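Quick notes on the structure that follows.
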Amino acid sequence: MTPGSLSRNPSVLIFLATLALFTLAVTFLSEAAGAGLISTSFVKTLGKTLCLCLIALAMDLIWGFAGILSLGHFAFFALGGYMIGMWLMYARTEVIVVEALAGAGLPPTPQEIRDGIASQIFGVVGGSDLPAIWAFAGSLPAQLALVVLVPGTLALVFGWLAFRSRVTGVYLSILTQAMTLALALYLFQNDSGLRGNNGLSGLQNIPGAEAVGQDWLSVWFFWASAAALGLGYALAAWVVSGKFGSVIRAIRDDEARVRFLGYPVEVYKLTVFTLTAVITAIAGALYYPQAGIINPAEMAPIASIYLAVWVAIGGRGRLYGAVIGAVFVSLLSSWFTGGRAPDLNLGFYTVKWVDWWQIVLGLSFVLVTLYAPRGIGGLFDLIAGLRAPDRRGAALGPGDGALREQEAKE
Amino acid sequence: MSALLEVSGISVTFDGFRAINNLSFEIGPAELRAVIGPNGAGKTTFMDIVTGKTRPDSGKVLFGERSVNLLGMTEAQIARAGVGRKFQRPTVFEDQSVAENLMMALKADRGPFAVLRWRPRPEHHARVAELASEVGLADHLPRKAGELSHGQKQWLEIGMLLAQEPRLLLVDEPAAGMTLAEREHTTRLLVDLAKTRAVVVVEHDMDFVRRLACKVTVLHEGAVLAEGSLDHVTRNPAVIEVYLGRG
Amino acid sequence: MRQILMMLVAVILFTAPAALRAETAAELLTENRALIEKSSRQSIGPVIGALAASGDPAAQAVLEAWADKRLGLRKSDGAFFLLTETPEGFALTDPAGTPAGSAAKAEITALKPNSGVRGLIATALVQFQLSDPDPAKRAAALASIARDPLPDHLEPLAASLARETDPAITARKARLASLLTLRFHPDSATRVAAIDSFGADLGLDLRGALNPLLATTRIAATAAPEGANIAAELEPGSDIALEAAYDLLVAAGRAPARLTLADQRAALLAHAQGGSVGGVAVADLADQAARDRAYTALEQAGLVPTAATEDEVTAAIAAHRFFDVYAEPDPAVTTAAQAALARISLKVGAMQAADLSLDALSLASIYFLAAIGLAITFGVMRVINMAHGDFIMLGAYTGYVTQQIIPDYTTSILVALPMAFAVTFAAGVAMERLVIRHLYRRPLETLLATFGISIALQQLAKNIFGTQARPLTSPAWLDGAWVLNDVVSISYIRIAIFVLALMFLGLFLFIMKRTRLGLEVRAVTQNPGMAASMGINPDRINMLTFGLGSGIAGVAGVAIGLFAKVTSELGSDYIVQSFMTVVVGGVGNIWGTLAGATLIGFFQKGIEWLNPSNTLAAQTYMILFIILFIQFRPRGIIALKGRAAGD
């Protein structure tokens, strides 16, 4: 981050300051700090929301800036969660198994401990052997590396295949959705080595921190999530600020023209795709210890589409828009679907928000797409008195002609 | 003088329709050439092949002193090798400022990590300003390209091409939609450019071609029908038959 | 087959009791009273045989009564009677069948044959049942024999075959007789002939009869067992795992058991004294090598049984040979049975391939049906409609609602098809007018907006119909399946869907190639501006095209609802597959969609066949395959080329 890029992006400083203030406020109001105005579970909800903001940020980079509507980012999110979850579950089970064996006369051999862990973890899917993919589960540094490596490699390979064959637009979206679906279906199998649809559980217990209560753990994770979001925001702002940002926006608007400028478009797409996949995976690795459980349903294609909804409602192509969208929609969603919203009595019919929220969300999404393509972020422009350049087509979409050409190509 | 671009024996077929039929073409390192021909003669397909957008079924395209075969390269590689292309319709990045458009086109390392680290230095700003004044957009640098007029977009695109510093420039109907004064300017610019590099102009407008005062290649049904000065080819009966005769 | 049967009958007639003695059942009973009173399985056989062979029509009743414990002796004179229990005692009937008054319970000794004797009687009764005048009873007897065949059944079955008049039952009897012959006949050549007579018959009963012949047991021995019918000798390490081979030796008591880690642990614990075991401190036992040392020390002290070491295990295995031995002692029979099973499995393989192809074809037609509407909206108009799946769901629910109103299933289906078309056509037109019209040329936004509609529609369906699956019942004439043989069959619903898919293909081709609408649609697709200037209203055409695509989705919904559960998530199960079908096939070409559906259908069934237990994995692999497929043919199987594709 150079002074130059900061001065051109005052929003970064504003954002970081707001995030810091928010973090401090939540910390002092939490149960851990004694004020108790915010319950531990709500601190967790807020921490998870920050992680969702981070993935929304990644989504904005790939979609809002590079124009690739990926419906597969929740696959990376969940993979990140699985990688950290494997360590959490293994290490925690190890503590339990060692304790149990210690009371049985002989000190346990490493083999006995391993067998004990395997049958503890995999008994539920009828297995007693530790699958090969758990080879590094005992080592925190290795699993932390895998948090980045596994989703990163998947994104690299998938992206390479997809971009190389010049799959673009909606085709790419559907292909990413298919990838997510394939991964989810694979993980749903009991013999996938990740406990099938049981998923990994008990992730809220951090091995080695048994003495720390959930109230403080929740605050710790909240801090970690806030730090990750802050770093992610600064990184994303840096990436989009310079010529790189110029090039990826140009790719979004007319990738054929960018090719004739000499830029290897596919390599750029692959770079952004992989970078966002890694950011997403880190968000996932922070999210699931707060959620406590992860299973393949988390990466259902619909989750990735909700992600697109957040970014679209928040406002594509501006980083703070993605964050606002994620906060706004996910908190509103959990308020409505959590049964906390009061029913609306229309006299002849009582609207139960648990049942009707999805419909409201779906329709308001249609309305935003139709009438406010700039999303909530567009409001800031109104306040600042900015106007979009007067040109044909959508605010951030490619020009009419260029798009028609690209579409027809496939 | 050895040729900068040497196209030999290329053919390409779309669903049985032979768009290019055993076409051969050559241009020197500092030469201006006009390519004319009726609709469907294969002018645009020819440019598509040279810039890597379309793969021919046969033939080869050699470029530069070391005679690199362009056929195995991607569009971006060809562009980096020094082939610039101006499209018929102005295609600039409307959501970005004139300065950003030019900055992106400046000759520099195109790799993503180099670009990520790249930050503009004073000489880059100076070069952008110089290019902008050359194409008459010096006052419009901070404006979004989408706000420019049609002619200004044409100029911006030419400016971007200049920024790329190509050795071979393919220009598709540069005069379309320009005012008379702008045409004059364009003519001068193209003739100037051809002093240091090869320029291929595809054009319909005979008046414009005449003003370029250069060698002319006439394409018909995907092959070269005639080549020479404009006066020479316009006297060619075959050319009159297929092209001029209709007009 | 026929020759075999004649032979069989001849053989059995010779071995049957030579003469039919002219004695009545009553006389036989009286003659053999002593035997009958103290009947046992060993001694009573001839009496039952004689009764069965007596030719007395009353014999069957007597035998049935005996088996039912309804045959008794009058204590006073030792006369046999058939007993019927009454409140006062028994009503008596003499063995010839005439009523003979009644008697108090005390006057009668009821015979209580043991189960062995009852079994003999039941077998003897078979011949009566097989010759029963009622064909249903004969068929029931055959079914009971087929269910639980015994060697004793063979004789009466073959005997009754000659007297059978009903051709259908004759065929069943002949088949069953052959099946019994190949299992139970004493003569090896006859059995082999019976096996060969079936050829490559696909009947499950045949395989059921052949498989027990080839049952093997696995034995370990130092030398090849004398006189045993050996199926194969097993090479330890390749044919039989070393562990399994050793376990066999342990089970046969020929070698000591290996020491499991759990046993070792228990033994060490049992001998731990004063913080050490076998000279090793307990605290040091967190290591396998240390535990082995401690156990060896205990072994040497004689405190624990000696466990087999690796070397001993190897030696023991080397000292033995391992065999699979047939339970059936006759090698000629096992060879014939093996050959027969090989023939059958070859034929079954071919039939399974045919069955699989039918399954794949039906899956392909389902995908085609689901995708054809999408091929219109996506392929022709380049509009991506994520709510397409929900239109399928809407169609299925329309079918459900129609059935609630019209109880007759046939009528309701006939009404539901156009109803579903109308409902989803209207929904499609409304969606096109209100949303999609504003988003032409912004495909990603169309994707998201239609997705918003999709979640709203799904939730709406959930609110109205609840989360549990609703039945959409097919008319009775669509129940059941078209069965070609034991392997190949296909349900009528699937045939109907196949026909429906063909009809829609025809309809689509007709509309596109032969109607004004089709002409205008093609014109608008190729060049909207030019079409508009020629007096075609592109708005109207887009609206109608979208309505058509959506309407077909609704009809597909009714068809899919007939065999799948109708839930609000019905559509999302099909949406990805439908898109894949269109993309793999090649956008903008109905034949491409057909090819895509066929490819995906066959591929998915193929994977399921390779890995039948796991349809989840099949779907995973299918999606991977599609991702890879797009690498090689990014524009699908049938791609538009050249300028038409905008190149």
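As the structure is a computational prediction, the values presented were derived from the model and not from experiment. In what follows, every chain begins at residue 1, and chains take the letters A, B, ... in the order their sequences are listed.
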Problem set entry | Residues A:Q111, C:R291; criterion side-chain contact (heavy atoms from CB on, under 4.5 Å); working and verdict | CA-CA 12 Å; A:Q111 182 62 38; C:R291 289 192 181 184; over 6 Å; no
For this session: Could you tell me how the ring of C:H438 sits relative to the ring of A:Y371: parallel (under 30°), tilted (30 to 60°) or perpendicular (over 60°)?
Result: tilted
Exercise. Side chain, backbone, both or neither: which part of C:L439 has a heavy atom under 4.5 Å from chain A?
Worked result: side chain
For this session: Take C:I455 and A:Y306 through the test side-chain contact (heavy atoms from CB on, under 4.5 Å) and record every step on the way to the result.
Result: CA-CA 10 Å; C:I455 48 179; A:Y306 277 124; 4.0 Å; yes
Seminar exercise, completed: The reported gap from CE in A:M179 to CG in C:L624 (rounded to nearest 0.5 angstrom) is 10.5 Å
Problem set entry | Side-chain touch A:V366/C:T450, heavy atoms, less than 4.5 angstrom | no
Problem set entry | Interface moiety of C:L448 toward chain A, non-hydrogen atoms closer than 4.5 Å | both
Exercise. What's the spacing between A:I174 CD1 and C:M386 CE if we round to 0.5 Å?
Worked result: 6.5 Å
For this session: Pick one of side chain, backbone, both or neither for C:L628, based on which atoms fall under 4.5 Å of a heavy atom in chain A.
Result: side chain
For this session: For the residue pair C:M580 and A:Q177, establish whether any side-chain heavy-atom pair is separated by less than 4.5 Å.
Result: no
For this session: Working to the nearest 0.5 Å, report the span between OG of A:S173 and CZ of C:F451.
Result: 12.5 Å
Seminar exercise, completed: Of A:V360, A:L181, A:I113, A:L185, the largest count of non-hydrogen pairs under 4.5 angstrom with chain C goes to A:L185
Exercise. What part of A:L71 gets closer than 4.5 Å to chain C, counting heavy atoms only: side chain, backbone, both or neither?
Worked result: side chain
Exercise. Where on A:W357 is there a heavy atom nearer than 4.5 Å to chain C: the side chain, the backbone, both, or neither?
Worked result: neither
For this session: May I have the step-by-step check of side-chain contact (heavy atoms from CB on, under 4.5 Å) for A:E112 and C:R265, ending in yes or no?
Result: CA-CA 10 Å; A:E112 279 175 334; C:R265 182 189 165 84; 3.2 Å; yes
For this session: Go through the atoms of C:I384 and report whether side chain, backbone, both or neither lie under 4.5 Å from a heavy atom of chain A.
Result: side chain
Exercise. Is chain C contacted by the side chain of A:V309, its backbone, both, or neither, given a heavy-atom distance below 4.5 Å?
Worked result: side chain
For this session: Side-chain contact test, heavy atoms from C-beta onward, threshold under 4.5 Å: evaluate it for C:N463 versus A:I359 and give yes or no.
Result: yes
For this session: Find the distance between CD1 (C:I626) and CG (A:L175) and round it off to the nearest 0.5 Å.
Result: 9.0 Å
Problem set entry | C:Q459 (side chain) donor-acceptor with A:D355 (main chain) under 3.5 angstrom | yes
